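A quick write-up on the structure given underneath.
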Amino acid sequence: MKLLTQAIVTLLIAQSAVVVAKGNADTIFYGGPIVTVNPKNEEVEALAVQKGKIVAVGSKDTVMKDWKTNTTKLVDLKGQTLMPGFVEPHVHIILTAVMEGLGLNLSNFTLPYDTKETLINKMKAHLKNIPKGGWLVGFGVDPSRTSPFMAELNADDLDQVSKEVPIFIVNQSGHIAYVNRKALELSGITNKTPNPPGGGVYVKDAKGQLTGKLVEPPSYLAFLSKMPPPSESDLLNAVIGTMRNIASVGVTTASEMSVGANFGVDKEIAIYKGIFAKNASPIRVRGYLFSEAMPKGYNSVKANDGDDSLRFIGIKYIADGSTQGLTAALNQPYTYPKDSKWSGALNFKDADMYASMKSFFDQGWQLSTHSNGDRAIDQTLNSYSKLLGSNPQSKDRRLRIEHFTINNEGQVKKAVNLGVIPSFTIGHVDYWGSAFHNHIVGPDRAKRIDPAAEFKRAGGKFTLHSDTPVSNVGPLNYITESVTRMWQLPPQKVLGPDQAVSVDDAIRAITIDAAYQIFADKLVGSLEVGKQADFVVLEKNPRKTPPAEIRNIKVRGTWIDGKPVSLK
Ligand SMILES: [Zn+2]
């Protein structure tokens with residue numbers, strides 16, 4: 001018996017040796033640094049791909065000897081760097097398509113800032129594109145990045161653009177919108193209309209008159225329902241266009257964080273399934289269904305339905321608003337305007353949040369909760385703690401908190417103990433850091449925003465994202481932002497140097513740790529044998545580039561399953 005076992009073992013070893021020796025790779029990459037992001041953080045000389053999967057990494061000599069045949073395609077990197085395709089854990093693809101692809105894109109991440117006047121002129125110039133009966137829909141105005149600080153549109157300003165065409169402009173944060181009087185008239189919202197459920201506010205002035213400002217998405221619904229919907233083909237093209245933009249910056253997997261928020265859950269799931277059925281997506285997508293878009297008892301989709309390309313894995317909650325929009329729920333009041341007593345508002349009562357989460361949690365969904373302010377973070381951590389019960393880390397539920405912007409040390413520790421992984425909108429430091437520090441929350445709270453290094457020191461993971469359309473997708477830019485923590489507006493300053501991370505930590509946050517966060521770490525996120533051949537080819541090695549310049553490195557190609565992604 002023992003002899004037989006030995007014989008079998010010997011045979012198996014011999015067979016596997018034969019398989020390795022006869023390896024017929026479809027493609028071998030060599031000729032430039034190959035940054036694996038494996039547990040040892042190795043760089044290797046060559047990588048072989050067979051049937052869409054990585055089959056070998058190592059020295060050029062060994063990989064060529066074991067895997068090259070006369071049909072193998074050789075890709076000489078010519079000094080360029082090969083890395084795992086970036087994983088973007090928090091985007092809004094359909095919203096970005098609607099806002100930037102179909103509407104007027106007013107986002108401005110450069111200097112100088114816009115003024116009310118330049119914004120009004122941009123909208124006036126866009127009027128000619130609006131068909132009869134259409135709405136002027138725009139996105140990206142941002143009072144916290146407008147000159148003078150906090151210059152905010154109102155119905156009077158928008159009436160200057162047009163009194164005939166209804167206008168609906170969403171703030172860069174996504175949590176605030178502005179409408180003109182024609183839009184109010186068509187939507188039927190008057191001074192007497194009560195605020196909608198779910199935290200929405202039709203803002204009124206001291207005399208009880210609507211100002212044209214809308215707070216939180218439930219207040220948008222009366223307007224959205226009156227707009228002519230985009231044609232199916234325009235919408236589809238815009239969605240695919242947004243996916244290509246995301247792929248063009250090296251992203252191979254992205255998480256859509258609000259399936260259903262624009263057109264309902266069933267329609268948006270159908271949009272994604274349709275695109276993937278036609279093989280028209282240049283990226284893998286993981287979907288989180290928007291809690292408020294799901295009718296009670298909704299179960300058309302089950303947790304983790306899908307495949308390696310498209311999978312629905314989570315439910316997304318929004319616990320509060322936007323910090324730069326002054327709607328995030330804080331434990332202490334905002335410091336703007338001076339002597340303000342306002343500290344934002346929670347979207348849920350504690351019991352309602354827990355009850356809603358409990359049913360989805362028990363069905364096996366991952367949960368992800370937008371919590372910008374420390375009061376919202378407290379509420380979310382308390383709900384998660386109750387859901388996870390004792391020994392939370394052993395349950396491997398990888399519960400997420402999005403943004404984690406205004407926070408305290410205790411919250412970081414509690415999150416790490418619960419195995420909760422935050423994802424930071426690291427552009428907060430770059431584009432809004434000066435506004436947080438100088439005006440909105442003051443220096444002490446501002447220096448702690450996006451506490452990436454503290455998560456690392458406490459033994460936790462973190463990830464970085466754009467939240468597009470809130471900021472532009474660009475993982476290399478997130479490296480620069482999280483490593484330098486330099487804000488954009490002169491005089492520039494480093495915001496919270498002790499929260500700065502190393503380049504390698506930032507790389508993990510846009511590759512393997514982001515893959516872990518979306519339960520895709522067995523599939524992608526590092527260049528290791530057995531994983532899918534999802535790559536980005538970079539002009540330079542970010543590990544050898546000064547941090548401030550990493551954001552300027554050119555993306556030379558994006559590959560999925562060992563094939564170059566077409567961006568046309
Ligand atoms: Zn978001």
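One-based numbering, in listed order, for ligands and for the atoms of each. This one's a predicted model, so the numbers in the text were calculated from it and none came from an experiment.
Using a cutoff of 4.0 Å between basic side-chain nitrogens and carboxylate oxygens, R445 and D374 are not scored as salt-bridged.
Residue side and main chain included, H403 places no N/O/S atom under 2.8 Å of the Zn ion (ligand 1). At a cut-off of 2.8 Å, H92 is counted among the residues with an N, O or S atom near the Zn ion (ligand 1). Residue contact annotation: E402 places no N/O/S atom under 2.8 Å from the Zn ion (ligand 1).
With hydrogens and angles disregarded, a donor-acceptor distance shorter than 3.5 Å links the side chain of E268 to the backbone of N262.
By the 30° and 60° cut-offs, the orientation of the rings of H465 relative to H90 is parallel.
No option in N382, D378, N408 other than N382 meets the side chain to side chain donor-acceptor pair (under 3.5 Å) test with K414.
As for D467, its N/O/S atom nearest the Zn ion (ligand 1) is the one called OD1.
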